[in-house]
Structure formats: structure tokens, C-alpha cells
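For this chain, numbers begin at 1 and follow the sequence in order. Heavy atoms only: backbone and side chains are in, while hydrogens, waters and symmetry mates are out. In each ligand, atom 1 is the first atom listed, and ligand 1 is the first ligand listed. Since we're looking at a predicted model, the values are computed, not measured.
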Amino acid sequence: MPVAHTLEGPLSVDVLGRQDPELAEILLAEQERQTTTLQLIAAENFTSPAVLAALGSPLANKYAEGYPGARHHGGCELVDVAERVAVDRAKALFGAEHANVQSHSGSSAVLAAYAALLRPGDTVLAMGLPHGGHLTHGSPANFSGRWFDFVGYGVDPESGLIDHDQVRALARSHRPKAIVCGSISYPRHIDYAAFREVADEVGAYLIADAAHPIGLVAGGAAPSPVPYADVVCATTHKVLRGPRGGMLLCGSELAERVDRAVFPFTQGGAQMHTVAAKAVAFGEAATPAFTAYAHQVVANARALARSLAAEGLLVTTGGTDTHLLTVDPAPLGVDARTARGRLAAAGMVLDTCALPHPDVRGLRLGTAAVTTQGMGETEAARIGALFATAVRDESAGRRVREEVRNLTGRFPPYPGQ
Ligand SMILES: *Cc1c(COP(=O)(O)O)cnc(C)c1O
């Protein structure tokens with residue numbers, strides 16, 4: 001892996017350090033935090049030095065409202081090329097007829113998908129938030145819950161699996177204009193064909209919010225929603241390992257509606273440094289090395305799930321097909337909030353999450369970041385053991401913290417820093 005660029009060159013932290021030591025110190029301390037603790041947040045990853053280079057480039061200075069060849073600003077000839085490269089790479093990577101790479105975030109992409117297909121007041125069927133739906137799937141605190149009439153489906157409380165009978169029954173009784181499949185914490189593959197069948201039966205659009213699994217899809221380690229969904233929304237910064245941002249994929253017949261829903265309906269100028277960084281990430285994701293990475297991410301998540309189950313934690317659905325898993329720490333005698341605090345003290349960073357019994361909170365872990373660092377199944381199993389030790393016994397935190405420091409020292413995300 002090439003040496004990270006952040007401490008070298010004209011656009012480096014060195015430059016920032018000379019001009020603004022206060023901010024440089026914060027950046028370096030954050031780099032230290034990221035590299036000496038274990039990043040188990042399922043939505044996080046370490047981008048490559050090349051992606052960071054594109055993000056820190058002069059493309060950040062460019063205004064570019066509109067699309068390549070049809071901009072509202074002058075001087076867009078070169079950023080037009082960058083965006084065309086990003087779009088072409090996304091289309092090839094996912095086998096999609098159309099790609100929009102301008103969404104500023106995953107949530108912006110979902111907003112654009114709704115804007116392209118729905119009118120305020122329409123009924124939408126999506127995974128309920130207490131079962132693992134995202135804020136954009138109908139939270140009353142989010143535009144989605146305010147502007148649309150959301151009906152929530154859930155997972156079976158025993159198996160933890162999506163209850164497709166319930167999805168069908170709710171679709172038949174509520175006749176939604178769109179059905180959303182996708183979650184922030186579902187550890188298994190999503191059966192896109194089953195959702196498509198229900199959508200067709202009731203005449204609904206199918207929107208796949210593949211923010212989490214899209215990187216696995218790119219690496220051939222998860223089924224693709226592209227052949228089934230009318231619109232696919234995704235992030236580029238989770239397993240896909242690109243810059244923070246969103247994107248949309250769809251067929252040619254919806255291309256114009258989706259593009260207009262992004263700009264000018266929900267966004268202004270595109271962030272061309274991020275668009276260029278997305279192009280870099282799509283290029284990386286098309287390599288055999290990324291395919292191997294995506295499969296290793298899943299193998300590591302399975303090894304971690306086995307290790308946690310052996311330590312006595314309750315693993316939702318008994319394991320995982322993906323990069324993420326959720327566990328209930330109750331058998332170790334602590335609730336999820338307490339466990340998260342103990343894990344943080346031991347240098348393990350992760351989130352609490354919903355569980356199939358919605359009144360109980362669990363812990364969500366992911367292996368995208370540690371796999372980028374080069375860790376394999378042996379290390380994943382070790383992380384499971386350290387995790388259980390830290391959760392069980394508050395006084396073991398310091399000892400585990402030292403072991404975590406040791407492990408992260410052997411697997412630096414940016415070697416040479
Ligand atoms: C992460 C995520 C999003 C939103 O992404 P942001 O970039 O944080 O806005 C949307 N939907 C799902 C299912 C997600 O997991």
C-alpha cells in the first residue's frame with residue numbers, strides 16, 4: 001500500500017500546521033485516535049491515499065451546477081471529464097444503465113429517489129425504524145416522516161429475518177406508491193426478487209437503499225439490487241471505501257427524473273472534488289484486490305460473529321452474510337449502553353442499535369475498516385474475545401486497551417505514517 005499523502009506535499013497537514021496549529025493539532029489527534037483504536041462502526045472505513053488526494057485537491061474550488069456538457073458555470077471542461085469518468089465507472093461497476101454521482105450523502109440520495117418517484121402525502125412501505133430502518137425511512141424527525149405516509153414492516157422476533165409475509169400483507173392493505181428495502185443493521189442478504197414481486201403485485205416502485213451493502217455488491221460478495229429496483233440509492237463511504245457521499249443508479253427510462261431530482265430539485269452545485277474521489281474509489285472497486293477485500297470483509301464478520309457467540313453473546317440471526325452483525329450483550333450481564341461505554345474505554349469504537357425485540361437495544365459491529373487494515377479471521381476472532389472480556393469486566397478495560405493498541409500497531413491503516 002502506498003504511503004499516505006496527508007503529511008507530505010503542498011496540501012498537507014504540514015502546511016496547515018504552519019498556518020493554523022490549533023486545527024492541525026486536532027487533525028493529527030484524530031488521526032492518532034483512528035489508528036490506535038479499533039473502528040468497529042459498521043458504516044466506517046479507511047479510504048485510500050488516492051481518494052484522500054482527490055478530496056484535498058483544487059477541484060474543491062470549482063463551482064459546477066448542472067451536469068457535464070450542461071453547466072450553469074464556466075470553466076467546467078475538466079470537471080466535466082471527471083464526472084463523466086465517475087458516471088461511466090459506476091455504470092460499469094454495477095451494470096446500471098444510468099448513474100448519478102452528485103448526491104452529497106446517502107440521505108440526499110434517498111431524498112432524491114423520493115423526489116423522483118413520489119409526491120408529498122404518498123404512502124411508502126419501508127422497514128420500521130425500531131427494526132433497523134434508516135431515519136430517511138419515515139422518522140417523524142426527518143423530512144421522510146413529515147412529507148410521506150410511511151408504513152413500517154419488521155423482522156420476525158424469533159429468527160430476526162425480514163418477515164416477507166408481513167411485507168406482502170401490508171403492501172396489499174396499504175397499496176403504497178413505493179416500497180423501500182434496505183436497513184442500517186440487517187446482517188443478512190436482502191431478497192430483492194421477493195420485494196420486486198410484491199412491488200409488482202401492488203403496482204409500487206421498488207427503491208433499494210443499499211447504503212450499507214453496495215461495497216459488497218461492487219466486490220461480488222452480495223447480491224445486486226440493480227436488476228430488481230427501479231432506483232438504487234447508496235453511499236460511497238461505507239464498505240465501498242470512497243469519499244463521504246451518495247449516488248443513485250437506475251434504468252434509462254428514469255434517468256432524467258432522477259437527475260432533475262438531484263439537481264436542481266434537492267441540491268445546488270456538485271462537489272467536484274468528491275465526485276473525482278468517487279471516480280477514484282469506483283476505479284479501485286473494479287480491481288481483483290477489491291473483490292478479495294469484499295470477500296475478506298464477510299469472512300471476518302463471520303469469524304467475529306462465531307467468536308462472540310462462543311463468548312456467550314446473542315448474535316442476531318445466528319450470524320451474518322455481510323460486513324455487519326448485531327449482538328445482545330444481556331447474557332454477559334450488561335445492557336448495550338453500559339457495554340458500549342466499557343468498550344470505548346478499552347479502545348473499541350462501535351454503535352448501539354435496534355434488535356428484533358425493539359424494546360431491547362443491542363450493539364452493531366462491522367469489519368470493513370479492520371479488513372482494510374489487513375486484519376484477517378484470526379484477528380477478527382481475537383477482537384471477539386477482547387470484546388467479551390471488556391464487556392464482562394470493567395476492570396479489564398486497561399489491559400484490553402493495551403492489547404488493542406498492540407493489534408492496531410501491527411495493522412496501520414496508512415503504513416508509514
Ligand atoms: C448510512 C445510511 C444512509 C445515509 O447516509 P448518510 O451519508 O449518513 O446520509 C441512508 N440509508 C441507509 C440504509 C444507511 O445505512
Discussion item. Ring centroids only, cut at 6.0 angstrom: are Y67 and H72 within range, meaning strictly under it?
Written reply: no
Worksheet item: With a 3.5 Å cut-off and no angle check, do the side chains of D209 and H137 form a donor-acceptor pair?
Response: yes
Practice prompt. Return the set of residues passing side chain to side chain contact (heavy atoms under 4.5 Å, CB included) with Q166 (not counting sequence neighbours), or none when no residue passes.
Written response: Y153, D163, L170
Item to complete: Among residues two or more places apart or on two chains, list those pairs meeting salt bridge (Lys or Arg N to Asp or Glu O under 4.0 Å) that have a residue in residues 378-391.
Response: E379-R410, R382-E403
Worksheet entry | Near ligand 1, at a heavy-atom separation below 4.0 Å: residues by chain and residue number | S105, G106, S107, H134, S183, I184, D209, A211, H212, T235, H237, K238
Item to complete: Examine the side chains of T408 and Q373 and answer whether a donor and an acceptor come within less than 3.5 Å of each other.
Response: no
Worksheet item: Can you name the side chain to side chain contact (heavy atoms under 4.5 Å, CB included) partners of T316, sequence neighbours left out?
Response: T326, L355, P356
